[in-house]
Amino acid sequence: MPELPEVEVVRQSLCKKIRHKKVKKVIVRNRNLRLKIPLNFEKLLINQKIIKVDRFSKYLILHLSNSIYCLIHLGMSGTIHIIYNKKKNFLTNASFYHSPTLPKKHNHVEFIFDDLKIVYNDPRRFGFFQIIENFSSLQKKISFFGPEPFQSIFDSKYIHSFFYKKEKNIKNFLLDQKFVSGIGNIYANEILFLCKINPFRKARLINIQECKKIVKNSRKILLDAIKKGGSSIRDFKNIKGKKGNFQKSFKVYERNGLNCKRLNCKGLIKKKNISNRSTFFCDMCQK
DNA sequence: AAGAGGCCCTGATAGC
DNA sequence: TGCTATCAGGGCCTCT
């Protein structure tokens with residue numbers, strides 16, 4: 001489940017591999033992702049150079065030489081694989097289309113470069129590709145989202161005023177991309193544990209000190225996860241097919257029934273549903 | 001306006 | 001063994 005850290009891990013390695021390279025061919029095998037891939041998609045990308053591989057929230061942003069942007073969202077189960085071709089004969093040699101490192105099914109989109117190609121695989125097809133025509137459209141799209149935890153405007157004042165009179169529980173807000181961008185279910189659970197905040201608590205009851213903790217711990221968890229290559233619960237892998245390591249650092253996620261990891265806390269981790277998402281917490285130390 | 005709930009999709013796993 | 005049910009969950013949608 002790619003959240004901000006997983007997408008950032010993909011961005012970093014993609015950037016190393018495809019920046020400044022020219023897209024030689026685009027193959028779309030299945031246009032029916034969450035958003036339908038338009039028929040002119042291939043034409044817009046072919047013969048364009050990748051100027052930059054950026055990211056906002058859980059979106060990858062390919063900046064192309066014809067000044068358009070290709071947004072990629074990995075949804076729940078999207079992965080990007082890299083397949084090398086040192087002989088640079090991708091366009092003529094079909095055998096590379098069946099690399100042993102590549103899953104056999106659900107390889108929906110490929111971008112082919114001279115010496116390598118990237119392959120988008122997504123069993124559940126919750127991910128999507130979207131063409132953004134120009135910079136102002138990109139800005140407009142991003143403006144509908146809340147800040148990332150790393151941005152300076154994501155501070156205790158912003159959080160506290162956002163939560164004013166809000167009856168919904170705090171966990172729902174951490175997952176609300178209009179409030180804060182990039183946090184998904186795993187990291188929402190982990191952040192609230194570090195903050196000692198019960199996920200069911202109404203947002204309006206979060207005090208300013210706790211807002212400060214939310215700022216600090218969101219940044220801490222996400223940065224730590226990026227450093228460790230993201231989390232691999234079920235399907236996340238980086239572009240080399242390697243798993244991340246942050247799942248080893250989970251304090252609450254998928255730990256229901258196990259001892260609370262907080263020093264001197266005798267609680268057991270509980271699992272309950274909030275808006276149909278698994279919520280893990282310790283009711284002894286998260287108040 | 002805010003909040004609750006449904007839906008898209010496939011694969012892994014549990015239970016009978 | 002093979003069937004069915006459940007769960008995983010990001011983001012968008014509708015309804016109240």
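Labels below follow one simple rule: chain letters A, B, ... track the order of the sequence lines, proteins then strands, and each chain is numbered from 1.
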Please tabulate, one pair per line, each protein N/O and nucleotide N/O from nucleotides 11-15 of chain B that are separated by under 3.5 Å, including the distance.
| from | atom 1 | to | atom 2 | distance (Å) |
| --- | --- | --- | --- | --- |
| B:dG11 | OP1 | A:K105 | NZ | 3.2 |
| B:dG11 | OP1 | A:H106 | NE2 | 2.6 |

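- Taking atom CG of residue A:N276 and atom C1' of nucleotide C:dC7, one finds them 10 Å apart after rounding to whole Å.
- Whole-Å rounding puts the A:Q247 CD to C:dA8 P distance at 17 Å.
- Note on A:K165: nothing from the nucleic acid sits closer than 4.0 angstrom, heavy atoms only.
- Between A:Q48 and A:S65, the side chains place a donor N or O and an acceptor N or O closer than 3.5 Å (distance only, hydrogens not considered).
- What separates CZ of A:F56 from P of C:dG10 is a distance of 16 Å, to the nearest Å.
- One can place CD of A:E254 at 8 Å from P of C:dA8, the figure rounded to the nearest angstrom.
- Aromatic ring orientation, A:F163 versus A:F179: tilted (interplanar angle from 30° to 60°).
- The residues A:K228 and A:D224 are annotated as salt-bridged, a charged nitrogen and a carboxylate oxygen being separated by less than 4.0 angstrom.
- For the pair A:H108 NE2 and B:dT10 C1', the interatomic distance rounds to 10 Å; values are reported in whole Å.
- Under the 3.5 Å distance criterion, with hydrogens and angles disregarded, no donor-acceptor pair is assigned to the side chains of A:K52 and A:Y69.
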- Annotated protein contacts, base or backbone, on nucleotides 11-16 of chain C with a non-hydrogen cut-off under 4.0 Å, one of B, S, - each: BS----

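- In this structure, A:E167 and A:F126 both approach DNA chain B, and ranking their closest nucleotides by distance from the 5' end singles out A:E167.
- The interatomic distance linking A:L74 (CG) with C:dG10 (C1') rounds to 11 Å, in whole Å.
- Residues A:K251 and A:N189 bring no donor and acceptor atom of their side chains to less than 3.5 Å of each other.
- Aromatic pair A:Y253/A:Y187: centroids not less than 6.0 angstrom apart.
- Taking the centre of each ring, A:F280 and A:F250 stay at or above the 6.0 Å mark.
- Evaluated for a salt bridge (charged side-chain N to carboxylate O under 4.0 Å, His left out) with A:E110, the options A:R29, A:K25, A:K24 yield exactly one hit, A:R29.
- Residues meeting the side chain to side chain contact (heavy atoms under 4.5 Å, CB included) test with A:N40, sequence neighbours left out: A:P38, A:L44.
- Rounded to whole Å, the distance from CE on A:M76 to P on B:dC7 is 19 Å.
- Straight-line distance from the CG atom of A:L60 to the P atom of C:dG10: 16 Å, rounded to whole Å.
- Distances shown here put a side-chain N or O of A:S278 below 4.0 Å from the OP1 or OP2 atom of C:dG9.
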